[in-house]
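Some notes on the structure that comes next.
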Amino acid sequence: MALACGALMPCAHAATDISNTLVRTCSNQLDGTQYGDAVLDDFRGTRNPSPRTGGFRITSVEQVWLALPAYCLIKGTIQPTSPGGIDPAVKDPSYRVRDINYQIYVPAQWNGKFAQLGGGGFAWKSDVVDAGKQANLQFSPSLQGVALSSYAVILSDAGADASNGAFSADFVRPGRQLADVAKQEMVKNFGQDSIKKSLDVGLYLLKKLTGAAPTDTYFVGISTGGRQALKAMANWPDAYDGIVAGAPPVDETNLLKVLQVPDAVNDWVVNWNSAAAMLTSLFGQDVSPQMLSDGLGATSRHLADVAIESGADYDGYHRLLDQLAPVWNVTPADLAGFFEAAARQKKEGRKGKKIILYQGTSDFLVPCTQAGEFVRKLNELPANGKATAADVRNSVRAYFVEDYSHGFYNTNSLLKRPGLTPLQLNWNALADLDRWVHDDQARAGAPSLARNASGEIPATQALSAWKCVAAP
């Protein structure tokens, strides 16, 4: 994060030096400060209101003035709304809802824009600086410098407490009945609520640190973060100018019903370097290849136990996932509010609202069919005045990347054997998004090996040929 754009590839937007302001406002005296929920009211929309919090706290303030650029890094927690953390939707009286851990990064050379980062796996550990480096690997080659270094950035762990927090028995507890599980605060935080809670806290602290509101607000994420990006725009379209959603598990509950992790996950002989890096990107730590299949299997088994303890038999596992679907999944129809907001803004002569989605055609974890079906159904939304085919074309770009898998390492048999590093999309998606938001005619960039470099949503015939739509 703490690197300036390189001379060979200058920054797309000039940054303003706010170091004098940060010297005054990024103060260790903020450490330990507790804020009530009411201070976030200014950031709550009326059409798409934010979920309430139990207040939030600053737990540490780091002033890094010797970096280039210098920055202020604030860490903290967002408290649950359940009194004392005791969730009434949970049967176990010893259970407590976890805080949401967040971090906000503000660079001394700030371009005036704000980027919210999504998590991978079941939500990354909330280290915004490390995640910023991760995002750079995904969105720009080394010569372009760090993609996010001039952005203010917010990241949270969605209340799941690191990447494998959702594998813990504490993540989902049995409800009094199956429908109660979907009402649990931690379940809602992971599914959607933490997104806007974190953004509101980030916007409040950004204003406190800089004295200014951002000119543009974006959400960028891959895997679970890609799903979060789509949820963010679906639930709170007025709050975001654009999103980048990579390999999003839009139908996560159905994925858990049918998930089968292929043997290729454990094929360390052909691609150990890529597999290890991909797993690290998902779980935020060094793990064995076996952990992916074990971890997801444990999640499924745990959810089955929740269903049984909530009064259902083993078949209740699928019924439980159906209850979770509205909270965890995102559908094309959910974006109707986004298209309405985008059309309203353009009619008023303001900047656009845009979505960039990308998906590897060889993704073994989140099938290409999920993204393929999602964009295909976007084109089938009813023309009821809220979302037309023209609205979709003007507001959505979707790239399908040949021979790339989850975590975006190359699966081509001739290239993977040397152990080429993952995340080689050679594409600064955030810069492309920013240009497109401000100029409808901006030329589309594209990830390397994109089958459709224009970003135009492919025809069903092409998606079918790439095996990115469900077989009839």
Side-chain angles (χ1 to χ4, degrees), residues 1-2 5 11-18 21-22 25-26 39-40 42-45 48 50 56 58 69-76 78 100 102-119 126-129 131-132 134-136 139 146-156 194-221 225 228-229 231-233 235-245 338 341 345 350-356 428-438:
M1 288 290 291
C5 293
C11 296
H13 295 273
T16 300
D17 189 342
I18 61 168
T21 298
L22 283 185
T25 60
C26 182
V39 303
L40 303 177
D42 289 344
F43 306 100
R44 294 190 164 107
N48 305 283
S50 304
F56 62 99
I58 293 175
Y71 62 90
C72 176
L73 182 65
I74 288 183
K75 303 178 183 180
I78 303 171
I100 298 167
Y102 72 87
Q103 292 188 15
I104 178 171
Y105 158 96
V106 183
Q109 301 292 326
W110 183 38
N111 65 5
K113 303 173 189 293
F114 199 31
Q116 185 174 7
L117 298 185
S126 55
D127 191 327
V128 73
V129 175
Q134 174 82 7
N136 175 55
F139 301 122
V146 176
L148 294 167
S149 62
S150 60
Y151 282 78
V153 177
I154 181 76
L155 173 69
S156 82
S194 68
I195 298 168
K196 192 57 164 62
K197 290 180 181 180
S198 302
L199 178 67
D200 292 346
V201 169
L203 289 170
Y204 175 84
L205 291 176
L206 183 63
K207 182 75 176 289
K208 191 175 188 68
L209 292 167
T210 67
T215 58
D216 304 284
T217 300
Y218 302 123
F219 195 111
V220 180
Q228 289 174 327
K231 271 285 191 183
M233 191 61 97
N235 288 13
W236 302 283
D238 292 329
Y240 296 92
D241 297 296
I243 64 168
V244 177
F338 154 70
Q345 268 195 198
R350 295 186 286 153
K351 61 189 174 184
K353 282 183 177 290
K354 308 296 185 182
I355 289 174
I356 292 179
N428 190 332
L430 183 55
D432 279 348
L433 175 68
D434 188 39
R435 283 191 294 269
W436 190 30
V437 162
H438 290 276

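Taking both residues in full, the closest heavy atoms of Leu117 and Leu155 are given as O-CD1, 3.0 Å, listed atom of the first, atom of the second, then distance. Between Ile100 and Ser194, the shortest heavy-atom contact is CD1-CB, 3.7 Å. Closest non-hydrogen pair, Pro214 versus Leu203, comes out as CG-CD2, 3.7 Å. Nearest heavy atom pair, residue Leu206 against residue Ala152, reads CD1-CB, 3.6 Å. Across all their heavy atoms, Ala229 and Ile243 have their closest contact at O-CD1, 3.2 Å. The two residues Ala239 and Leu199 make their nearest non-hydrogen contact at CB-CD2, 3.9 Å.
The shortest distance between side-chain heavy atoms of Thr25 and Thr210 does not fall below 4.5 Å. Using a 4.5 Å heavy-atom cutoff, the side chains of Tyr240 and Ile195 are in contact. Between Tyr102 and Ile58, some side-chain heavy-atom pair lies under the 4.5 Å cut-off. Within the 4.5 Å cutoff, no side-chain heavy atoms of Asn111 are placed close to those of Asp434. A heavy-atom distance below 4.5 Å is found between the side chains of Asp200 and Arg44.
Annotation: salt bridge (Lys or Arg N to Asp or Glu O under 4.0 Å) contacts of Asp238 (sequence neighbours excluded): Arg47, Arg344.
The distance from atom CD1 of Ile104 to atom OG of Ser198, rounded to the nearest 0.5 Å, is 10.5 Å. A distance of 10.0 Å separates OH in Tyr204 from CG in Leu209, rounded to the nearest 0.5 Å. Here His438 contributes atom NE2 and Lys354 contributes atom NZ; the two are 11.0 Å apart, rounded to the nearest 0.5 Å. The line from CG of Asn235 to CG of Asn48 is 8.0 Å long, rounded to the nearest 0.5 Å. Note that NZ of Lys196 and CD of Gln116 are 9.5 Å apart. Values are rounded to the nearest 0.5 Å. In this structure, Gln103 CD and Leu73 CG are separated by 5.0 Å, a value rounded to the nearest 0.5 Å.
Aromatic ring orientation, Tyr105 versus Tyr71: tilted (interplanar angle from 30° to 60°).
Side chain of Asp241 to backbone of Thr217: a donor-acceptor contact under 3.5 angstrom is found. Thr215 places a side-chain N or O within donor-acceptor distance of the main-chain N or O of Gly112, the cut-off being under 3.5 Å. A donor-acceptor distance shorter than 3.5 angstrom exists from the side chain of Lys353 to the backbone of Pro237, with no hydrogens or angles considered.
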Leu430/Tyr151 under side-chain contact (heavy atoms from CB on, under 4.5 Å): CA gap, chis, key distance, verdict: CA-CA 10 Å; Leu430 183 55; Tyr151 282 78; 3.7 Å; yes

Derivation of the side-chain contact (heavy atoms from CB on, under 4.5 Å) call for Tyr218 and Val437: CA-CA 10 Å; Tyr218 302 123; Val437 162; 3.8 Å; yes

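Ion pair Asp216/Lys351 flagged as a salt bridge, since at least one NZ, NE, NH1 or NH2 atom sits closer than 4.0 Å to an Asp/Glu carboxylate oxygen.
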